Amino acid sequence: MPELPEVETVARTLRPQVQECVLSGAEVLRASSLHPLSLPLAALTGRRIADVGRRGKLLLLHLAPPDGAPESGPAPDMLAVHLRMTGRLMTWPRSTPPGPHTRCIFDLRAPDGDARRLFFDDTRAFGLVLAATPEIRQAWDFWRELGPEPLEIGARAFAALLKGRGAALKAVLLDQKVIAGIGNIYADESLFQAGLDPRRKAAGLSPAQSRCLLAALQDVLRRSIAQCGSSIRDYRDANGDVGAFQNSFAVYGRGGAACVRCGRPLEKIRVAGRATVFCPHCQK
DNA sequence: TCCTCCCTGTTC
DNA sequence: GAACAGGGAGGA
């Protein structure tokens, strides 16, 4: 399930494969994988991929401005991809046929003339692609309301995000409008590292606890990025490689096992509708 | 603010 | 053959 570190890893591995390539065609194989606000993917034809980036859990292909003759119709400057749980982006040789879960195909022409294709595969079909103009992004609630990047925020701003929120700490961390890119894995891992009970009200944290939580969150995210993310079931980077951070989990997926800190059994409960593992002894 | 639904493969 | 995994939309 790609969260911030996994999407960051996909961006880093995909960049050398697609940067400076020109999109020579694009096709949607499953209509529901195209966001309703998206321009038709045909609008991407002829556009050059200037860079690959990330915002929260969104993978972004930044498109260079069109050169030459004026376009007919609006020109997208970005292709955004949300991988959700099972989305994958990988390039293949030109004539590779789509797989059973291929949702979109992007044909690419590299500067050296090499032809290849980028597949968006997504088993559970929760993922989305969206070809966007700046105007479309502003009309997209999810984009417009997306919270700040956790690795770019300071202690003061983080404390302000939690202020006045009566919801459980974990629910607040998962809320993309509060802070972007955190999913179930990194919420549980950072709450354990900070020694905080996931059910606690976010607003009840002391300034010291708030600082501690941000430090834990940033440390967990950075350590995971350094290990190319976590591969639980489906996640692969753009080279098809798995991450290694799943070997460093303290709590995620370890319900009933011994706490790495105190040895007592970890408890598995549901918070905000999500499976949640924590140590009742170490997390208060 | 919380619950249900979407979707499919895996596990019990 | 049911339970489960889970991000986000939409509704209660």
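Since the structure is predicted, the reported quantities are computational estimates derived from the model, not experimental observations.
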Worksheet item: Does the salt bridge (Lys or Arg N to Asp or Glu O under 4.0 Å) test come out yes or no for A/K170 and A/D188, once each step is laid out?
Response: CA-CA 8 Å; A/K170 171 150 178 181; A/D188 275 12; 2.7 Å; yes

Practice prompt. Scan for side chain to side chain donor-acceptor pair (under 3.5 Å) pairs involving residues 252-266 of chain A, sequence neighbours excluded, and state none if there are none.
Written response: A/R264-A/H281

Discussion item. Can you measure A/Y186 atom OH to C/dG7 atom P for me and round it to whole angstrom units?
Written reply: 12 Å

Worksheet item: So does A/R15 pair up with A/D51, basic N to acidic O under 4.0 Å?
Response: yes

Item to complete: Would you check if there is a donor-acceptor pair between the side chains of A/Y186 and A/E6 at a distance under 3.5 Å?
Response: yes

Worksheet item: Who are the salt bridge (Lys or Arg N to Asp or Glu O under 4.0 Å) partners of A/E8, not counting sequence neighbours?
Response: A/R12, A/R54

Discussion item. Among residues at least two apart in sequence or on other chains, which ones pass ring pair (Phe, Tyr, Trp, His ring centres under 6.0 Å) with A/W140?
Written reply: A/H35, A/F142

Worksheet item: With A/R222, which residues qualify under salt bridge (Lys or Arg N to Asp or Glu O under 4.0 Å), at least two apart?
Response: none

Item to complete: State which residues pass salt bridge (Lys or Arg N to Asp or Glu O under 4.0 Å) with A/R30; sequence neighbours excluded, sorted by chain then number.
Response: none

Item to complete: Only counting residues at least two apart or in another chain, list the ones meeting side chain to side chain donor-acceptor pair (under 3.5 Å) with A/D241.
Response: none

Worksheet entry | Pair A/S231, A/Q246: side-chain N/O donor-acceptor within cut-off below 3.5 Å | no

Worksheet item: Quick one: do A/E20 and A/R48 make a salt bridge, cutoff under 4.0 Å?
Response: yes

Practice prompt. Name all pairs fulfilling the ring pair (Phe, Tyr, Trp, His ring centres under 6.0 Å) condition that reach into residues 208-233 of chain A, sequence neighbours left out, sorted by first residue then second.
Written response: none

Check nucleotides 3-5 of chain C against the protein and report each pair of N or O atoms closer than 3.5 Å, with its distance, or say if there are none.
from, atom 1, to, atom 2, distance (Å)
C/dA5, OP1, A/K268, NZ, 2.8
C/dA5, OP2, A/R270, NH1, 3.2
C/dA5, N3, A/R124, NH1, 2.8

Worksheet item: With sequence neighbours left out, what residues match A/R274 under salt bridge (Lys or Arg N to Asp or Glu O under 4.0 Å)?
Response: none

Show each protein N/O and nucleotides 8-12 of chain C N/O combination with a separation under 3.5 Å, one pair to a line.
from, atom 1, to, atom 2, distance (Å)
C/dG8, OP1, A/H82, NE2, 2.9
C/dG8, OP2, A/Q176, NE2, 3.4
C/dG8, O4', A/R84, NH2, 3.3
C/dG8, N7, A/R274, NH2, 3.3
C/dG8, O6, A/R274, NH2, 3.4

Worksheet, complete the sentence: In the 5' to 3' direction, the nucleotides of DNA chain B bounding the stretch that comes under 4.0 Å of a heavy atom in chain A are B/dT1 to B/dG9

Worksheet item: Angle, rounded to 10°, between the helical axes spanning five pairs at each terminus of the helix from B/dT1-C/dA12 to B/dC12-C/dG1?
Response: 50°

Worksheet item: Of A/M85 and A/G273, whose closest DNA chain B nucleotide lies nearer the 5' terminus?
Response: A/G273

